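Right, one structure below, let's go through it.
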Amino acid sequence: MKIHEYQAKSLLRAYKVPVPNGEVADTPEKARDIAKSLNKTSIVKAQIHAGGRGKGGGVKVAKTPDEAYEAAKKILGMQLITHQTGPEGIKVQKVLVEETSNIKKELYLGMVVDRARDKECVVFMASEAGGMEIEEVAKATPEKIIKCAVPPAVGFSPFEARKLAYGLGLGTDKSLSAQFANITKGLYELFVAKDASLVEINPLVLTAEGNLIAVDAKINFDDDGLFRNPDIKQLRDENEEDPLEVIAKNAGVNYIKLDGNIACMVNGAGLAMTTMDLIKMAGGEPANFLDVGGGASPDQIEKAFRILTADPNVKAILVNIFGGILRCDRVANGIIQAAKNIDMKLPMVIRLQGTNVDEGKKLLKESGLKFTVADGLYEAAEKVVALLK
Amino acid sequence: MAILLDKNSRVVVQGITGSEGTFHTRESVKFGTKVVAGVTPGKGGMDVDGIPVYNRVADAVEKQGANVAALYTPAAFSADAIIESIEAGIGLVVCMTEGIPVTDMIKVKQVLKTSKARMIGCNCPGITTPGVGKIGFMPSFIHKVGNVGVISRSGTLTYEAIWQLTNLGIGQTTSIGIGGDPIPGSGFVDMLALYEKDPDTVALVMIGEIGGTAEEEAAEFIKSNLTKPVVSFIAGRTAPPGRRMGHAGAIISGGKGTADEKFKALEAAGVIVEKNPAEIGKRIQEILAKKKGQKKTKKK
């Protein structure tokens, strides 16, 4: 799960990681009030779940409260397009107004989980090349990235903080290395306690006054850890997600919208990905990823169909089920129920295999529904692509 | 012979009294699995179809000689239940549960490193050794006794591959779903090493997917350690980056973990890469036919 920068910064504050003073605003008037109370040059930053906001015009410096008002007025409500948003952009609903810092140097500090075999642990990554995308640094100058794997049984030790600090050129300054040790300690505690999956402080700024401060912050969380972090769960912003994906999530259906026109309904994540791959291989474009899951009821299958058909790009549907726990007769009943309750005019290819396949096929045949039957995995993809030609 | 699950396996089911646990225990007993005990804390003394239920895994080990644990426990309690099994001396822990936090699995891996136990899962369909038994929920009818090992990060896609083999008359030694989580108890490498040692396994199917480096690690291992032929498919060539594709582990992050990278690594390691998963069975059939031909010429 992703959260906004202002939410991430409020978490950082709670873990004693210094961040600029500031507050979030949803109106230009409130932005002006915040700038007034800060009483210095402020920066107005669009709050969306995507990077590259500055280049897209979503970040503006304001010397006076009135300038903050004007900046917020421009940014709030705009469709902000960045390299991470897609061509339609994301509508900005909130801005963060905070004080600016006197930047002497920009650093990068990040944390991820290393999932490689026999290395499983939390890893710190730091670089003197702050303010840049870390992927680019990794590609161009990998030697500039210092890594520190935290042994899970021991936790984060002060010597590891020193190792990173020396690598960043902060180690010889007593005050800076102490500040840095506190920041990394707080970040590690936050990461573990809240089941984070990614933390990025980019940039971590060294100010002219000799302070370290997190000027930008990105924190992602492990969806599977949300059940024990209700405070994090409530930070979810549905406005940032695709509306169909929100409906799907609330219906317990695993759905990801894509750009193509062939919708697919599959059971199992691996088979769902494979079905997309096969559609592409057969010359078509998949409209989505959809895994109905093993325990799907006819109601849930109907819901899945409603989601698929709500995408206006969809021109045909491919149902690909390998019945294991999910029985084919149940799927057939779900399809029949959906066809009755939704006015489904789209052509459809159905491939059923596995548990109770004969019962399932019989039910579909007797229902009078119009659809194309496929038996093979690739055959199903070829048939649905052919329907659109 | 087979790997992991064989005629000496005595299974304890953790979470046996839950609806999933009860249902899949019944299915696996029907398949021939020796299920000797169940565990649900607080429900000791009960039985499920005559299978005694204990409060602790240690009791199931002591009283029923359990040496394999099958877990259908809720996600919130699974790491604890896994560690309980390892501490009780269970040799193989298979956890089907989906939704276990990554930080919990980091802890579990620490415990595994200091023990002799092996773990499969979480978030996996389990293991099946046809003719011996099954743990988890692979459909029973798809399997057939034979000489091919199947190993996969997926569930239903694995059934597809097994079903293709069975329909071609090709049986399996042991089929394993290692699960779709970012940090699995065992990876491809651990299992490939077991298959290599198993005299009955003559060829392997390995099904990977986007995310992480498990397939690249497997490619490295195969290059220098594996003498048996491997046919491989990777799911998710068309998956968009940065999105979790159903499985927690199936995500391309920072441009890393793409299907094409994995195909390339496997190809370089001498693996027979098949980009159309409907053809996996046929590739294995060709390999087996070639082997048979070689044997005949040798005899002459």
Side-chain angles (χ1 to χ4, degrees), chain A residues 84 112-113 115-118 120-122 134-135 138-139 151-153 191-192 195-198 222-228 254 256 258-260 266-274 276-281 285-286 289 291 294-295 321-326 353-355 376-379 381, chain B residues 75-76 98-107 109-110 113 125 137-139 141-142 152-160 163 180 182-183 187 189-190 207 209-214 217 233 235-240 242-250 253-255 259 275-279:
Chain A
Q84 290 182 357
V112 289
V113 172
R115 51 191 276 195
R117 178 175 179 266
D118 280 340
E120 304 85 356
C121 66
V122 175
I134 196 70
E135 287 87 8
K139 227 183 254 166
F191 197 97
V192 175
D195 283 295
S197 58
L198 173 100
D222 177 5
D223 289 354
D224 292 336
L226 292 175
F227 72 88
R228 58 186 176 196
N254 229 323
I256 293 172
L258 302 170
D259 299 329
V266 189
N267 67 324
L271 190 57
M273 273 189 273
T274 302
M276 288 161 39
D277 296 350
L278 287 172
I279 289 172
K280 183 102 179 175
M281 201 179 213
E285 288 291 337
F289 165 95
D291 170 13
I321 302 290
F322 196 104
I325 331 168
L326 181 61
Q353 276 289 357
T355 312
L377 193 54
Y378 189 52
E379 179 200 340
Chain B
E98 181 173 6
I100 292 165
V102 170
T103 49
D104 281 10
M105 272 313 292
I106 291 177
K107 277 183 207 151
K109 287 297 276 193
Q110 291 298 307
K113 274 181 195 165
F137 37 69
M138 291 192 202
F141 67 88
I142 59 173
S152 168
R153 277 168 72 186
S154 163
T156 40
L157 185 53
T158 320
Y159 314 160
E160 287 277 1
W163 188 228
I183 299 182
V189 170
D190 311 85
I207 300 172
E209 62 190 28
I210 54 161
T213 51
E217 290 159 12
F233 170 75
R237 286 183 89 191
T238 51
R243 302 301 308 267
R244 170 175 155 158
M245 304 302 285
H247 289 155
S253 43
K275 287 183 179 161
N276 181 350
E279 301 287 317

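In the text below, chain A, chain B and the rest are named by the order of the sequence lines, each starting its count at 1. Keep in mind it's a predicted model, so treat the numbers as computed, not measured.
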Taking every non-hydrogen pair under 4.5 Å, which of [options] racks up the most with chain A?
options                        : result
B:M245, B:E279, B:H247         : B:M245
B:M138, B:K107, B:R237, B:M105 : B:R237
B:A239, B:G211, B:A248, B:A250 : B:G211
B:G242, B:A214, B:P182         : B:P182
B:P240, B:G249, B:A259         : B:G249
B:P277, B:G187, B:S154, B:A278 : B:P277

To the nearest 0.5 Å, what is the distance between [atom1] on [X] and [atom2] on [Y]?
X      : Y      : atom1 : atom2 : value
B:E160 : A:T274 : CD    : OG1   : 8.5 Å
B:I106 : A:R115 : CD1   : CZ    : 12.0 Å
A:L278 : B:N276 : CG    : CG    : 5.5 Å
A:N267 : B:Y159 : CG    : OH    : 8.5 Å

Set of residues satisfying ring pair (Phe, Tyr, Trp, His ring centres under 6.0 Å) with respect to A:F289, sequence neighbours excluded = none

Counting only heavy atoms closer than 4.5 Å, note whether [X] contacts chain B via side chain, backbone, both or neither.
X      : result
A:M276 : both
A:A116 : both
A:F227 : side chain

Using atom types as modelled and distance alone, determine if a side-chain donor or acceptor of A:D277 lies under 3.5 Å from a backbone N or O of B:T238.
-> yes

Whether A:D222 side chain and B:P101 backbone form a donor-acceptor pair below 3.5 Å | no

Can you see which heavy atom on [X] is nearest to which on [Y], and at what distance?
X      : Y      : value
B:Q110 : A:E120 : NE2-O, 4.4 Å
A:G270 : B:A235 : O-CB, 3.9 Å
B:T156 : A:G268 : OG1-CA, 3.3 Å
B:G236 : A:M273 : CA-SD, 3.7 Å

Per-residue contact mode, B:I100 against chain A (heavy atom under 4.5 angstrom) = backbone

Under 4.5 Å to a heavy atom of chain A? For B:R153 that would be side chain

Donor + acceptor pair across side chains of A:D195, B:T103 (<3.5 Å) = yes

Would the number of heavy atoms belonging to other residues, nucleotides or ligands and lying under 6.0 Å from NZ of B:K275 be above 12?
-> yes

Any residue meeting side-chain contact (heavy atoms from CB on, under 4.5 Å) with B:V189, in chain and number order, not counting sequence neighbours = A:R117, B:E217, B:F221

In terms of heavy-atom pairs under 4.5 Å with chain B, the winner among A:D223, A:D291, A:D259, A:L258 is A:D223

For chain B, which of A:N254, A:V113, A:V266, A:I256 has the most heavy-atom pairs under 4.5 Å?
-> A:I256

Specify whether B:F141 and A:F322 have parallel, tilted or perpendicular ring planes, treating 30° as the upper limit for parallel and 60° as the lower limit for perpendicular.
-> parallel

